[in-house]
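Okay, so here's the structure we're looking at.
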Amino acid sequence: MFNTLEEIAKRDREKARLEGEREFAIRILSKRFGNQLTEEIKDKIRKADEKTIDYIGDNLLEITIEELKELLK
């Protein structure tokens, strides 16, 4: 089945939105945790699914580094 240009554009916008949310979370968490937020954790955030990113985003100010590591296992 062929995708319409509208469907492709919608998918691309969603992908860009999620990527933006991932990078925003990394920026905020980097300020909170400094060098405790390792490159390994950042990479896991960049690969996390939408549900995980939504959870992190909803809890940016309360989540601990330990909770974040457990969530990203």
Side-chain angles (χ1 to χ4, degrees):
M1 185 177 277
F2 293 100
N3 291 326
T4 66
L5 286 177
E6 185 176 315
E7 290 169 333
I8 293 168
K10 182 179 178 182
R11 185 186 69 228
D12 288 349
R13 283 192 305 271
E14 177 63 22
K15 184 178 175 185
R17 180 195 62 78
L18 187 55
E19 188 174 309
E21 288 181 12
R22 288 176 174 129
E23 291 304 318
F24 177 77
I26 289 169
R27 282 198 323 271
I28 299 302
L29 294 169
S30 290
K31 287 181 186 257
R32 283 196 58 212
F33 299 124
N35 60 7
Q36 284 184 294
L37 193 75
T38 63
E39 286 304 315
E40 179 184 357
I41 296 171
K42 290 176 187 179
D43 287 342
K44 288 181 179 182
I45 292 171
R46 288 183 181 107
K47 294 174 184 170
D49 63 22
E50 185 173 6
K51 181 180 174 186
T52 302
I53 295 304
D54 286 345
Y55 180 85
I56 292 170
D58 289 345
N59 296 283
L60 276 174
L61 300 177
E62 295 89 17
I63 198 166
T64 66
I65 193 72
E66 292 80 17
E67 290 170 329
L68 187 60
K69 288 176 182 178
E70 185 66 28
L71 181 66
L72 295 168
K73 278 188 174 177

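Please read these numbers as outputs of a predicted model, since none were measured by experiment. Excluded from the calculations below are hydrogen atoms, water molecules and symmetry mates; all remaining heavy atoms, backbone and side chain alike, are included.
- Here K10 pairs with R13 under the side-chain contact (heavy atoms from CB on, under 4.5 Å) rule; sequence neighbours left out.
- Taken to the nearest 0.5 Å, the NZ atom of K51 stands 10.0 Å off from the CG atom of L71.
- Here CD1 of I45 is found 5.0 Å from CD1 of I56. Values are rounded to the nearest 0.5 Å.
- T38 contributes atom OG1, which lies 7.0 Å from atom CD1 of I65 (distance to the nearest 0.5 angstrom).
- Of all non-hydrogen atoms in F33 and I63, the two that sit nearest each other are CZ-O, 3.3 Å.
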Below 3.5 Å, can you tabulate the donor-acceptor pairs from side chains in residues 18-25 to any protein atom, sequence neighbours excluded?
from: E21; atom 1: OE1; to: R17; atom 2: NH1; distance (Å): 3.1
from: E21; atom 1: OE2; to: R17; atom 2: NH1; distance (Å): 2.2
from: R22; atom 1: NE; to: R46; atom 2: O; distance (Å): 3.2
from: R22; atom 1: NE; to: A48; atom 2: O; distance (Å): 3.2
from: R22; atom 1: NH2; to: A48; atom 2: O; distance (Å): 2.4
from: E23; atom 1: OE2; to: R46; atom 2: NE; distance (Å): 2.9

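- Here CG of D58 is found 11.0 Å from CD1 of I53. Values are rounded to the nearest 0.5 Å.
- Note that NZ of K44 is 13.0 Å distant from CD1 of I26, once rounded to the nearest 0.5 Å.
- When every heavy atom of L60 is checked against every heavy atom of R32, the shortest pair comes out as O-NH1, 2.6 Å.
- The distance from atom OG1 of T64 to atom CD of E70, rounded to the nearest 0.5 Å, is 10.0 Å.
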**Request:** Tell me, with the steps shown, if L29 and I41 meet side chain to side chain contact (heavy atoms under 4.5 Å, CB included).
**Result:** CA-CA 10 Å; L29 294 169; I41 296 171; over 6 Å; no

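- Heavy atoms of other residues, nucleotides or ligands lying less than 6.0 angstrom from CD of E40 number 12 at most.
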